[in-house]
Amino acid sequence: MRPEIGYSMSRKDMIFSVLAQRSFAFGIVGVLIVATIVRWQMVLRAYLLPNSDQAIVGLMARHIVAGERPVFYWGQPYNGTLEAYMTAFLYHLGANGYAALHVAPMLFSLLFVGASMALCNQLYGRRLALLCGLYLSVGPAELIAYSVWPGYNYVQSMGLGTAALVLAVSAVWSQQWWRLIPAAALLGLAVWGQPLALAYVAAVLVLVAGPIVHAWRSARRRASLVLALAASTAAGLLAMSPMIVSNVQTGWSTVRFMTGRNNVMHIQKLEALRRLVAWAGPVLLGIIPPTEDPNVFHLYVHTHLVLYSIALAILLLGTGYVLWRWKTILDWLRTLGSATPAPEAALTVLAVSLVTAYLISNWSSSRWSATDPRYLLPLYTLAPLALRALLPPGSLTSLINLRRFGVGLLALVLGTGIAANTVAAPHVDDLRPLAVTLQANGIRAVYGDYWVVYRLAYVSNERLIPGVMQADLHPGLNRYQPLWDAARQSSHPAWVVLGGSIMADNLDDCLAQWHITGRPVGPGPYIVYAGAGATVRCTNLLVQRTIIRPPSSRNARQAHCNARCDGGIISDQSYVRPNAFALSRTAYLIKEIRSYLRPRNAGQCSGCQRSVNRSVHGLGCQGEFSRYRTRYEKAAAEAQRPVQACSLRYTIRVVNATVDAKWRGRYIESRELLSTETDDRYALGLEILES
């Protein structure tokens with residue numbers, strides 16, 4: 001509770017206070033037990049089998065047990081590995097099952113629930129604190145999912161950041177500055193784990209800045225304040241030391257990665273704001289389940305229009321309440337810089353900095369950022385403010401109707417949130433039978449989609465080495481270079497792809513010249529391609545090591561020329577690409593459009609354009625190429641009207657996927673190819689090309 005100046009507690013009041021504190025402690029334990037049961041049940045029922053992102057945490061934990069000391073998540077020099085080290089400790093104790101992967105995020109989730117209750121108790125009292133804990137324990141599906149998914153670190157940064165905020169509030173109110181030391185350490189760990197924690201750093205700094213300045217004016221407290229601030233700075237830097245040392249050694253890779261993330265094109269800010277309200281808002285409320293696929297989101301909305309309407313109505317009421325209380329919010333912000341700032345001002349700074357960063361960064365341009373608003377998860381730290389708005393203080397007789405409305409609204413949100421949890425879990429296949437079959441057939445490396453091969457590596461204890469490939473058979477997101485190198489050197493590889501996918505069709509075309517066909521394995525949907533004694537270089541990848549010489553030097557020159565035109569890299573001169581004429585009809589259409597669009601120096605690889613034209617003519621594709629090129633020109637012209645600086649590279653990706661999809665009749669799969677880089681310009685181009 002907020003400190004009351006000039007109040008002396010009687011003996012009777014002290015007894016009742018001790019009893020109340022004990023009952024509150026029992027209440028906290030009860031809420032945490034409920035939170036544990038809810039999360040563990042969700043793990044066992046829906047989230048037990050990990051996807052590739054989560055399986056990588058398990059792979060890293062095994063490497064840690066073997067002696068490696070990674071600082072960042074593989075392939076992401078900004079995502080800390082504290083969860084991986086905690087999982088490695090469990091592996092060291094013998095807990096190697098799927099459930100061990102979910103223990104670390106669950107613990108950080110319980111820390112967040114407990115810290116949120118402590119913060120709410122500081123602000124508004126014990127009853128509302130227990131209600132806040134109950135809401136966060138059984139509430140929105142978005143929060144519950146990331147509370148048990150390893151590898152993302154969102155809830156980790158939320159738990160550590162909220163605990164630091166609680167310590168900062170206590171230090172400001174009690175003037176015991178030594179409490180800033182553990183707060184700084186927690187913030188350091190949070191920033192190492194996830195850059196979203198910088199919002200908590202901003203909140204804590206604006207909260208403590210004013211009291212520190214006022215305390216500095218007192219000569220009697222200055223010495224202790226200097227010691228506390230120095231120790232706090234040292235604690236924060238020590239907690240961030242793995243991140244700092246790694247960045248010094250790698251030329252500040254974290255900064256370069258975060259500032260150079262231009263793989264997603266910006267959308268208009270009004271559109272980002274509309275998505276934030278109309279899409280992310282209902283998901284964060286817990287009324288609509290989260291999903292990375294906007295098509296699934298819109299399908300759920302259309303089949304649950306009543307729930308969606310209720311969510312929008314709640315958001316409208318919340319916005320109106322914020323506008324109505326703008327003077328109160330302004331009064332909170334005015335306390336910043338004073339000796340006794342309002343903690344609500346720090347929470348306001350947290351919310352504003354988080355939403356602003358979301359809107360002005362590339363985050364809001366991602367295809368899934370609004371239907372799976374993981375970057376906005378720290379907004380749940382504002383749960384105490386939301387509950388105070390629903391259940392305002394005052395006499396019961398004057399506020400009884402308002403409180404009934406608040407309780408009913410909270411019950412509705414909790415009920416729909418629990419219902420949404422049952423449908424929010426994505427389907428993940430159990431790949432253990434497939435891994436056993438592959439190993440029994442002597443396979444030592446697997447090439448395929450990212451979401452398949454890393455899971456196979458995890459369930460096989462890395463007896464199957466993963467090599468990630470894109471649908472066009474180029475190397476994909478290989479997060480750990482040693483595994484990729486080991487896969488390329490393996491003499492017994494195989495492709496494992498989803499039956500009926502674009503990758504499977506491209507493999508059929510590429511491997512037909514060696515008379516290698518895929519065969520289904522088991523009852524699952526996967527197809528395995530393995531050719532004994534054959535060399536298969538599909539685009540830029542060598543699958544097996546047997547050297548195939550081209551039938552003539554002309555074909556060899558043609559293959560080398562095509563490799564240079566496509567931007568391919570032939571790392572070993574003893575390996576050559578297959579004859580260009582053996583590639584598929586669709587590949588030629590895509591290649592021709594790329595050649596038409598790609599700027600090149602005069603005379604550079606000039607024979608490639610002529611050879612591709614001859615090949616297109618030989619396959620009878622002149623009409624298709626002309627039609628697709630005309631549609632591309634129209635799409636490119638239309639795409640530049642609403643949005644300036646249209647990126648040619650991304651438009652090429654759209655054309656590539658669309659040509660392939662139209663040729664093979666798989667329009668939906670072409671959208672999946674663009675799952676990480678889709679925005680309204682892509683949708684516009686696809687619609688024009690489809691017309």
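Keep in mind that what you see is a predicted model, and the values were worked out from it rather than measured.
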Side-chain touch [X]/[Y], heavy atoms, less than 4.5 angstrom:
| X | Y | result |
| --- | --- | --- |
| Leu123 | Arg388 | no |
| Trp177 | Pro211 | yes |
| Ile64 | Pro70 | yes |
| Met243 | Phe72 | yes |
| Val169 | Leu207 | yes |
| Tyr154 | Phe112 | no |
| Tyr73 | Glu83 | no |
| Gln54 | His102 | yes |

Take Arg62 and Val65 through the side chain to side chain contact (heavy atoms under 4.5 Å, CB included) test and state the conclusion after the steps.
-> CA-CA 5 Å; Arg62 290 170 182 163; Val65 173; 5.6 Å; no

Closest contact, heavy atoms only, [X] versus [Y]:
| X | Y | answer |
| --- | --- | --- |
| Leu110 | Ala35 | CD2-CB, 3.7 Å |
| Leu136 | Ala383 | CD2-CB, 4.2 Å |
| Leu180 | Val208 | CD2-CG1, 4.0 Å |
| Ala168 | Val204 | CB-CG1, 3.9 Å |
| Pro290 | Val283 | CB-CG1, 3.7 Å |
| Ala311 | Pro282 | CB-CB, 3.7 Å |

Side-chain ([X]) to main-chain ([Y]) donor-acceptor, under 3.5 angstrom:
| X | Y | value |
| --- | --- | --- |
| Gln122 | Val166 | yes |
| Tyr321 | Ala386 | no |
| Thr162 | Gly159 | no |
| Thr356 | Ser353 | no |
| Arg455 | Asp429 | yes |
| Arg275 | Thr371 | no |
| Thr36 | Leu32 | yes |
| Tyr358 | Leu276 | no |
| Trp192 | Val71 | yes |

Let me see the working for Val31 and Ser137 under side chain to side chain contact (heavy atoms under 4.5 Å, CB included), right down to the final yes or no.
-> CA-CA 7 Å; Val31 169; Ser137 297; 3.4 Å; yes

Tyr47 vs Trp149 aromatic rings, parallel, tilted or perpendicular, using cut-offs 30° and 60°?
->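 Perpendicular, since the angle between the ring planes exceeds 60°.
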
Spacing of [atom1] belonging to [X] relative to [atom2] belonging to [Y], to within rounding of 0.5 Å:
| X | Y | atom1 | atom2 | result |
| --- | --- | --- | --- | --- |
| Thr81 | Met86 | OG1 | CE | 12.0 Å |
| Leu285 | Leu312 | CG | CG | 9.5 Å |
| Leu167 | Leu119 | CG | CG | 11.0 Å |
| Trp74 | Asn79 | CH2 | CG | 14.0 Å |
| Leu111 | Met106 | CG | CE | 13.0 Å |
| Leu130 | Asn121 | CG | CG | 8.5 Å |

Can you tell me which residue pairs pass the salt bridge (Lys or Arg N to Asp or Glu O under 4.0 Å) test with a partner in residues 320-338, sequence neighbours excluded?
->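 For residues 320-338, and leaving out neighbouring residues, the salt bridge (Lys or Arg N to Asp or Glu O under 4.0 Å) pairs sorted by first residue read Asp331-Arg334.
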
His92 atom NE2, over 12 foreign heavy atoms within 6.0 Å =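 Count not over threshold, so no.
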
Over 12 non-hydrogen atoms of neighbours within 6.0 angstrom of OH in Tyr308 |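 Check passes, neighbour count above 12.
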
Taking the six-membered ring where the residue is Trp, are the ring centres of Trp368 and Tyr375 under 6.0 Å apart?
->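 When the ring centroids of Trp368 and Tyr375 are compared, they turn out to be within the sub-6.0 Å range.
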
Between [X] and [Y], is any side-chain donor less than 3.5 angstrom from a side-chain acceptor?
| X | Y | result |
| --- | --- | --- |
| Thr381 | Tyr200 | yes |
| Tyr78 | Asn153 | no |
| Arg374 | Tyr152 | no |

Ile212: which of Leu205, Leu225, Val172 passes side chain to side chain contact (heavy atoms under 4.5 Å, CB included) |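 Of Leu205, Leu225, Val172, side chain to side chain contact (heavy atoms under 4.5 Å, CB included) with Ile212 is met by Leu225 alone.
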
List for me each residue that meets side chain to side chain donor-acceptor pair (under 3.5 Å) alongside Tyr91, sequence neighbours excluded, and say none if there are none.
->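 Applying side chain to side chain donor-acceptor pair (under 3.5 Å) to Tyr91 gives Tyr458.
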
Trace of the side chain to side chain contact (heavy atoms under 4.5 Å, CB included) decision for Val148 with Val155 | CA-CA 9 Å; Val148 296; Val155 179; over 6 Å; no

Would you sort out whether Tyr85 and Met60 count as a side chain to side chain contact (heavy atoms under 4.5 Å, CB included), showing the intermediate values?
-> CA-CA 8 Å; Tyr85 282 95; Met60 294 178 66; over 6 Å; no

